[in-house]
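Remarks on the structure that follows.
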Amino acid sequence: MTARLTVSDVTCRFGGLRALDGLSLTVEPGTILGVIGPNGAGKSTFVNVVTGQIAPASGRVAVDGRDLTGAHPSRLARAGVARTFQVVKPFRDLTVRQNVACGAMFATGASVARGLEEADGVLGRVGLAAVAEARPATLPIGHLKRLELGRALAMRPRILLLDEVMAGLRPDDVAATVALIRRLRDEDGTTVLVIEHNMAAIVALSDEVLVLREGAVLTRGAPGDVLDDDRVVEAYLGQRFARRRRENPDG
Ligand code: ADP
Ligand code: MG
């Protein structure tokens, strides 16, 4: 299940601030696009616009060419768009299993029984079967990040947007999550946009990497080329560091 995501000339303002400033990008069906950029670059705002949490001031969001700009989150979910939240948002009063079932019920209109059945399959995939009956409040952040992923997977997404889903995970959990995301693409053909500060994970996953800065695309290309770009180093670490690196590439 796959689809093409096209975002054209999207601007999003918060008061005087342009969180997204004429942003255009396409994610081709069945590819993984890594998105990096400093804090405040507009990465989470981008996900909010694509999933209908925020309506952009201008511009267009389309799934397989169908215009869904400003559509309600439930309509985008039915169109096959799913996301995780950077700040995890489980339903506190529901079990892990029930939380995941909600994803299926929200996106596919599944009954409770069907949703729970779907959840059982997904919990195994994300390694949460052992805590299926636990409440979110009792779980460590690594489990809660995977719960975000599980709820999104229960939506059977064609396009999956992952907002720092590996932040705070232990290295073995990062490796397991990288393997899972790869499998989603390889076996299901899911189109994936992965926002992450973990560069090893980004390089391991991404067909292409896009750098967002101040709400616009700074550059986009093969992971190795992008991460070696002085402008990218500068965007992350500041001008002085980039200049020193240019003048003294071995130091
Ligand atoms: P990133 O995810 O790349 O760190 P965000 O998309 O969260 O960046 O934020 C981009 C900019 O928009 C930041 O300056 C942030 O403070 C601002 N911003 C994000 N959401 C809101 C909001 N709901 N209200 C006001 N400002 C916001
Ligand atoms: Mg963010």
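Numbers here are sequence positions counted from 1. Indexing begins at 1, ligand by ligand and atom by atom, following the structure's order.
Side-chain N/O atoms of Thr2 and Thr191 include a donor and acceptor closer than 3.5 Å.
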Extract all N/O-N/O pairs under 3.5 Å that connect ligand 1 to the protein, and present each with both atom names and the distance rounded to 0.1 Å.
residue, atom, partner, partner atom, Å
ligand 1, 2 (O), Ser44, N, 2.9
ligand 1, 2 (O), Ser44, OG, 3.1
ligand 1, 3 (O), Ala41, N, 3.2
ligand 1, 3 (O), Gly42, N, 3.0
ligand 1, 3 (O), Lys43, N, 2.8
ligand 1, 3 (O), Lys43, NZ, 2.8
ligand 1, 4 (O), Gly40, N, 2.8
ligand 1, 6 (O), Ser44, N, 3.4
ligand 1, 6 (O), Thr45, N, 2.9
ligand 1, 6 (O), Thr45, OG1, 2.6
ligand 1, 8 (O), Gly42, N, 3.3

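For the side chain to side chain contact (heavy atoms under 4.5 Å, CB included) test with Pro56, the passing option among Thr11, Val49, Asn48, Thr45 is Val49; the others fail. Here the rule is side-chain hydrogen bond (donor to acceptor under 3.5 Å, both in side chains) with Ser44, and of Arg83, Glu164, Gln53, Gln86 only Gln86 fits it.
The pair Arg156-Glu118 meets the salt-bridge criterion, since a charged nitrogen lies less than 4.0 angstrom from a carboxylate oxygen.
The hydrophobic cluster of Met1 has no other members, since no ILVMFWY side-chain heavy atom comes under 4.5 Å of it.
Of all protein atoms, those of element N, O or S that lie under 2.8 Å from the Mg ion (ligand 2) number 2.
What you find for Gly127 and Arg146 is that their closest heavy atoms are O-NH1, 3.3 Å. What you find for Ile202 and Val35 is that their closest heavy atoms are CD1-N, 4.2 Å.
Atom CZ of Arg135 and atom OG1 of Thr95 lie 6.5 Å apart (nearest 0.5 Å).
For Thr6, there are no side-chain hydrogen bond (donor to acceptor under 3.5 Å, both in side chains) partners two or more places apart in sequence or in a different chain.
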